[in-house]
Amino acid sequence: MLDEPRSGRLASWGNALLAGLVSPDEAAHSIADDDAVHRVAGLPGEDAPVGLTLALGRLRRLGAAGLRVALPVPGHPLGLSGPPEFNARALEAGEAVIAAGAGLGLVPEIYEAGPEGGAGPDVHVEVVWHCLPVREAPPADVPSLGEAERELAHALQEATEVLSQLDVAGAGPVAQAALEAYRARAEAGRQVLAPGYPPRAVRVLELAQRVGALIDIALQAGGEHGGAVSSSEIAARAEALRPVERTARRAQVAAYNSAVEEQERRRG
C-alpha cells in the first residue's frame, strides 16, 4: 500500500491540470510514471483508445470539474456510487477514478510484458482506462481530511504495535526487504500529491501510506519463518489488522479527493 495507486496519480495530476496548475504534458508524464503508456478507451466521441492528454481535455469539455478516487475491496465499496456495472469493474481492479460532473468513471486494466518475476525497466507496462457511466451521488464511506487524520493516529499506533511484536529482523528476506524499501521510500522526500492540494492532504496521504506499509510488512513477516508459527495465527493477525488497513484506505481516498471537496465547498 506504500506504492501510489494509479488511480491516485490520475486523480491528483488530473485535478492539477483541470485547475490550470500544470501543463497537459507534465500531467500525462506524471500519471504514467514508470509505465510505458496510458490510454483511455470508451470515451464519448472517440471510436478508439486515446492518450491521456486528449482524454483529460475531453473530460473537461464533457463537464468534469474534478477527479475522485475509489479504492474498493470486497465488502467495502469505498468511494463508489454506482451503477452496479461500474462498481463491479472497479471492485475487480481494486481502484477507479470518477470524473465529478461528467457522469463518467475510469477503471484501469494493466498489461505487462517481460521476464517472469521481472521488475522495473525489465517489465513493459501498458494501462488502458475503461470509461463507463457512473451515478452522480455522494461516494461511499469517504471521510473528511480531519476525520481521516484523527483515525490514522490510532491506526498507526496499532500497526506499529503489531510490527513490534514480530521478530522482523529474523522473519525472513521478504519482510526484511519490505522494511528496508519502506525506510528508503520514507526518506526519499518524494512528492506524494500534485500542485494545488492543501498541506493537510499531503500529511494525511503520507501517514496513510506509512500505515499501509507497516501492515504489509507485518503480514509478510507473519508468513515467514520467525513470524507466526501457525496458519491460524497468521489468519488472526490478518483479521486484527483489517480495521487498520480499512482506515488507511479511507484516508488515502480522503486525501486524493480533497481537491474536489474543496472546490465544492467554495461553490456551495
Side-chain angles (χ1 to χ4, degrees), residues 1-19 21-22 64-73 75-82 90 94-101 105 134-163 182 185-186 189-216 218 240-268:
M1 194 169 167
L2 180 62
D3 292 331
E4 186 177 24
R6 289 179 172 88
S7 57
R9 293 204 305 268
L10 176 56
S12 173
W13 289 94
N15 283 328
L17 175 61
L18 292 173
L21 299 174
V22 298
L67 303 178
R68 286 190 172 99
V69 169
L71 296 177
V73 298
H76 188 207
L78 176 62
L80 298 177
S81 58
E95 59 179 318
V97 172
I98 290 88
V134 298
R135 185 179 297 136
E136 291 282 2
D141 198 36
V142 178
S144 68
L145 273 177
E147 291 170 335
E149 193 168 32
R150 289 190 295 272
E151 292 172 0
L152 278 172
H154 181 64
L156 178 61
Q157 181 180 357
E158 288 189 27
T160 302
E161 287 176 355
V162 171
L163 189 62
Y182 162 69
R185 284 291 286 278
R190 61 197 172 90
Q191 184 176 8
V192 297
L193 284 170
Y197 277 84
R200 190 176 202 178
V202 175
R203 186 168 66 247
V204 167
L205 183 57
E206 287 178 331
L207 186 54
Q209 292 177 337
R210 182 181 178 188
V211 171
L214 292 175
I215 293 170
D216 289 344
L241 287 171
R242 187 168 290 115
V244 182
E245 187 274 337
R246 182 187 182 105
T247 296
R249 273 190 304 106
R250 292 179 77 240
Q252 275 195 306
V253 172
Y256 286 124
N257 293 2
S258 61
V260 180
E261 306 302 334
E262 181 61 26
Q263 288 179 8
E264 292 181 346
R265 278 195 294 270
R266 290 173 180 172
R267 289 198 300 267

>> To the nearest 0.5 Å, what is the distance between CD on E151 and CG on L207?
In response: 11.5 Å
> Do you know which two heavy atoms are closest between A194 and W13, and how far apart they sit?
Replying inline: CB-CD2, 3.5 Å
> Of all residues at least two apart in sequence or in a different chain, which pass the side-chain contact (heavy atoms from CB on, under 4.5 Å) check with P143?
Replying inline: E147, A148, R250, A254
> Can you list the residues that meet the salt bridge (charged side-chain N to carboxylate O under 4.0 Å, His left out) rule with R200, with sequence neighbours excluded?
Replying inline: E149
> Which residues pass the salt bridge (charged side-chain N to carboxylate O under 4.0 Å, His left out) test with R6, sequence neighbours left out?
Replying inline: D35
> What distance separates E206 CD from L152 CG, expressed to the nearest 0.5 Å?
Replying inline: 12.0 Å
>> Can you see whether Y197 engages N15 through a side-chain donor-acceptor pair at a distance of less than 3.5 angstrom?
In response: yes
> Any salt bridge between E245 and R249, counting N to O under 4.0 Å?
Replying inline: yes
>> How long is the straight-line distance from CG of L241 back to OG1 of T247, given to the nearest 0.5 Å?
In response: 11.0 Å
> Is any side-chain heavy atom of R68 less than 4.5 Å from a side-chain heavy atom of V97?
Replying inline: no
> Do you know which two heavy atoms are closest between A255 and V204, and how far apart they sit?
Replying inline: CB-CG1, 4.3 Å
> Considering all heavy atoms of both residues, which atom of I98 and which atom of G79 are nearest to each other, and what is their separation?
Replying inline: CD1-O, 3.9 Å
> Is there a side-chain contact between E262 and P198, using heavy atoms and a 4.5 Å cut-off?
Replying inline: no
>> Measuring only between side-chain heavy atoms, which start at C-beta, is V69 closer than 4.5 Å to Q252?
In response: no
> If you take all heavy atoms of L145 and S258, which pair is closest and at what distance?
Replying inline: CD1-CB, 3.6 Å
> How far apart are the closest heavy atoms of A16 and P195, and which atoms are they?
Replying inline: CB-O, 3.6 Å
>> Using 0.5 Å steps for rounding, measure from the OG atom of S12 to the CG atom of L17.
In response: 11.5 Å
> Considering only heavy atoms from C-beta outward, does the side chain of L18 approach that of Q263 to under 4.5 Å?
Replying inline: no
> When rounded to the nearest 0.5 angstrom, what is the spacing between CZ in R135 and CG in L80?
Replying inline: 10.5 Å
>> Could you report the tightest heavy-atom contact between V192 and L205, atom names first, then the distance?
In response: O-CD2, 3.4 Å
> Within the side chain of E136, is there an N or O that forms a donor-acceptor pair under 3.5 Å with the backbone of A100?
Replying inline: no
